[in-house]
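Encoded as structure tokens, the structure appears first; notes follow it.
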Amino acid sequence: MKKKYLSILLAALMVLTLMAGCGGGNGANSGSNGGEGGPLKVANIVNGNLGDKSFFDSCEAGLKKLQDEGLITYKTFELGATDADQPKWVSTLDELSADGEYDLIVCGTYQMDAYLNDCAAKYPDQKYFIYDAEVAQPNVASITFKQNDLGYLVGTAAALMTSSDMEKINPEKVIGFVGGEDGPVINDFLVGFIQGAQAADPEVKIDSQYVGNFYDTGRGKEIANVMVNNKCDVIWGVAGGAGNGAAEAAAEHGIWFIGVDSDQEATFSASQPQMAAATIFSGLKNCGDGIIYMVDQLNAGTIQWGKTTQLGIAEGGVGLTSGGNFQKLPDNIKKALDEVAPKVTSGEIKVDTAFDESFDVKGLRDSVRP
């Protein structure tokens, strides 16, 4: 009899062990649709607003595609981008986490990493994605992008444009960079931009300025106007919604604008055709594709919680638009981009990064000012 009871006990323990294994570290919350094989229920926290035609719109597009494919259902919470809005970022993140209604909470930008780090530690059973930032918590999967490699491609094209005989190009070799905030992510774009431009044409000067935020289109336009007065004929806007002000200035002054994060020529085309016409191409940071990539990993059971996935040119995380006005680029510029991209991907061309604390970003940008 003792042997019989022992066999029953061991069988019960095996069942419990298998059940625990099935509910392990790769899944979303148990007891929700995601845990039952249905679509994941996702909350998308936007520490800004949709309609930026750039960063947040890219993430939203990725989530919508996942929903259209039946993989998720989601709700977006737009919380505003000003300093006064930041308490809402924290309170909303906390409330959604405490509620436990969502399998997955998604947020983005380096402005959210400290808040998410605290919240993820407080709610260890909640799963989170953060894009364009890193949080080392066991219930967070992080996505970052090689925006320095992207910057190298954009800088290559911009330098060759300002040295060309394209329409809208003046005799001076000056290009511009309108950044959001003076921080590592934006400066990572800038480092690549400068190094790509200088490699393409050492005589090119780069005027780089910062809006101070990602929403003030008026300030973005003011900065671009000053750059135009200083003979810039190609300006890259890396400032979210604020960068749209630089596009407006480019359209008014008859110079070229380069978009960021999403295909800004396409997004401008519906309601702002003059700005679309001024946008030669966009440097893509495919936040939406990054979200799709991570959800696919989650559903496949291969996601690495507590780790960071970095996406570059080879993975499709960053790149350039190739349709629309891009086709107006001279063949030599297209050829140069085709030659440079694989060299950057392979490491034959080494692009420095602003995330290297020993790298002198200020020294670099000051060395190439007009």
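Residue numbers run from 1 in the order of the sequence given. On a predicted model such as this, the values are computed, not experimentally measured, just so you know.
Counting non-hydrogen atoms of neighbouring residues, nucleotides and ligands closer than 6.0 angstrom, the CD atom of Glu203 reaches no more than 12 such neighbours. Within 6.0 Å of NZ in Lys88 there are more than 12 heavy atoms belonging to other residues, nucleotides or ligands. The 12-atom threshold is exceeded at CD of Gln310, counting heavy atoms of other residues, nucleotides or ligands nearer than 6.0 Å. Asn332 CG: more than 12 foreign heavy atoms inside a 6.0 Å radius. The environment of NZ in Lys334 is crowded: more than 12 heavy-atom neighbours from other residues, nucleotides or ligands sit within 6.0 Å.
Salt bridge annotation for Lys221-Glu252: present, with a cationic side-chain nitrogen under 4.0 angstrom from a carboxylate oxygen. Note on Asp366 versus Arg369: salt bridge recorded, some NZ/NE/NH1/NH2 to OD/OE distance being below 4.0 Å. Taking 4.0 Å as the cut-off between side-chain N and carboxylate O, Lys285 and Asp132 count as a salt-bridged pair. Looking at Asp118 and Lys122, no side-chain N of the basic residue comes within less than 4.0 Å of a carboxylate O on the acidic one, giving no salt bridge.
Ile255 and Phe268 are assigned to two separate hydrophobic clusters, defined by single-linkage of ILVMFWY side chains at heavy-atom distances under 4.5 Å. The hydrophobic clustering, which links ILVMFWY residues whose side-chain heavy atoms are closer than 4.5 Å, places Ile194 and Val178 apart. Under a hydrophobic clustering in which Ile, Leu, Val, Met, Phe, Trp and Tyr are joined whenever their side-chain heavy atoms come within less than 4.5 Å, directly or via other members, Phe193 and Leu160 fall into the same cluster. The cluster map of Ile, Leu, Val, Met, Phe, Trp and Tyr, joined by side-chain heavy atoms under 4.5 Å apart, puts Leu153 and Phe257 in different clusters. Clustering ILVMFWY residues whenever any of their side-chain heavy atoms sit less than 4.5 angstrom apart, transitively, puts Ile235 in a cluster other than the one holding Ile280.
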Problem set entry | Verdict with reasoning, Gln147 to Tyr152, per side chain to side chain donor-acceptor pair (under 3.5 Å) | CA-CA 9 Å; Gln147 55 268 319; Tyr152 196 96; over 6 Å; no

Problem set entry | Step-by-step salt bridge (charged side-chain N to carboxylate O under 4.0 Å, His left out) determination, Asp289 to Lys65 | CA-CA 9 Å; Asp289 288 349; Lys65 183 177 180 182; 5.5 Å; no

Exercise. Is there a side chain to side chain contact (heavy atoms under 4.5 Å, CB included) between Ile349 and Val340 once you walk through the steps?
Worked result: CA-CA 8 Å; Ile349 294 176; Val340 163; 4.2 Å; yes

For this session: Would you check, one step at a time, whether the test salt bridge (charged side-chain N to carboxylate O under 4.0 Å, His left out) holds for Asp188 with Lys146?
Result: CA-CA 8 Å; Asp188 212 31; Lys146 295 180 181 179; over 6 Å; no

Problem set entry | Intermediate values then yes/no, side chain to side chain contact (heavy atoms under 4.5 Å, CB included), Lys173 and Asp201 | CA-CA 9 Å; Lys173 293 184 178 183; Asp201 187 339; 2.9 Å; yes

Exercise. Taking it one step at a time, do Asp263 and Thr267 satisfy side chain to side chain contact (heavy atoms under 4.5 Å, CB included)?
Worked result: CA-CA 6 Å; Asp263 184 347; Thr267 57; 5.7 Å; no

For this session: Under the side chain to side chain contact (heavy atoms under 4.5 Å, CB included) rule, what do Val174 and Val204 come out as? Steps first, then yes or no, please.
Result: CA-CA 6 Å; Val174 183; Val204 169; over 6 Å; no

Exercise. Can you list the steps and then say if Thr109 with Asn47 is a side chain to side chain donor-acceptor pair (under 3.5 Å)?
Worked result: CA-CA 8 Å; Thr109 83; Asn47 55 307; 3.1 Å; yes

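The aromatic ring centres of Phe189 and Trp236 sit less than 6.0 Å apart.
Side-chain contact check for Tyr123 and Gln137: no donor-acceptor pair (N or O, by modelled atom type) lies under 3.5 Å. Between the side chains of Glu181 and Tyr110, at least one donor N or O lies within less than 3.5 Å of an accepting N or O. Counting only N and O atoms by type, the side chains of Gln195 and Asp352 include a donor and acceptor under 3.5 Å apart. For the residue pair Thr82/Asp85, the side-chain donor-acceptor check at 3.5 Å is satisfied. A donor atom on one side chain and an acceptor atom on the other are not found under 3.5 Å apart for Ser58 and Asp261. Tyr128 and Ser97 form a side-chain donor-acceptor contact under 3.5 Å, judged by distance and modelled atom types alone. A side-chain N or O of Asp207 and one of Gln209 form a donor-acceptor pair less than 3.5 Å apart. Of the N and O atoms on the side chains of Thr217 and Glu248, not one donor lies less than 3.5 Å from an acceptor on the other residue. A donor-acceptor contact under 3.5 angstrom links the side chains of Gln86 and Tyr115, judged on distance only. Defined by atom type and a distance below 3.5 Å, a donor-acceptor pair is missing between the side-chain atoms of Thr279 and Gln264. Of the N and O atoms on the side chains of Asp57 and Ser262, not one donor lies less than 3.5 Å from an acceptor on the other residue.
With Asn187 contributing its side chain and Leu190 its backbone, the two residues share no donor-acceptor pair below 3.5 Å. The backbone N or O of Gly312 lies less than 3.5 Å from a partner atom in the side chain of Glu315, making a donor-acceptor pair. Between the side chain of Thr156 and the main chain of Ala197, no donor-acceptor pair closer than 3.5 Å is present. Thr92 places no side-chain N or O within 3.5 Å of a backbone atom of Phe77 that could act as its donor or acceptor partner. In this structure, the side chain of Ser367 engages the main chain of Leu364 through a donor-acceptor pair within 3.5 Å.
When all heavy atoms of Pro184 and Ala354 are compared, the closest pair comes out as O-CB, 3.5 Å. When all heavy atoms of Gln198 and Ile206 are compared, the closest pair comes out as NE2-CD1, 4.0 Å. Here the shortest heavy-atom pairing between Glu265 and Gly323 reads OE1-O, 4.1 Å. Minimum heavy-atom separation, Asn139 to Ala120: ND2-O, 3.1 Å. Nearest approach of Leu50 to Phe56, heavy atoms of both residues: CD2-O, 3.8 Å.
Between Phe177 and Tyr210, the ring planes lie perpendicular to each other; the angle is over 60°, past the 30° to 60° tilted range.
Remark: Gln297 engages no residue in a side chain to side chain donor-acceptor pair (under 3.5 Å) (not counting sequence neighbours). Considering only residues two or more places apart in sequence or on other chains, Asp99 meets the side chain to side chain contact (heavy atoms under 4.5 Å, CB included) condition with Glu101. With sequence neighbours excluded, no residue forms a salt bridge (Lys or Arg N to Asp or Glu O under 4.0 Å) with Lys168.
Side chains of Leu150 and Leu284 form no contact here, defined as non-hydrogen atoms less than 4.5 Å apart. No side-chain heavy atom of Lys41 sits under 4.5 Å from any side-chain heavy atom of Ile72. With a 4.5 Å cut-off on side-chain heavy atoms, Leu93 and Ile45 count as touching. At a threshold of 4.5 Å between non-hydrogen side-chain atoms, the residues Asn44 and Val46 count as touching. Here the side chains of Val226 and Glu222 are not in contact, with every heavy-atom distance at 4.5 Å or above. Counting heavy atoms from C-beta on, the side chains of Lys127 and Ile105 never come closer than 4.5 Å. Between Phe326 and Leu337 the shortest side-chain heavy-atom distance falls below 4.5 Å. Annotation: side chain of Ile130 is in contact with side chain of Val140 (closest heavy-atom distance under 4.5 Å).
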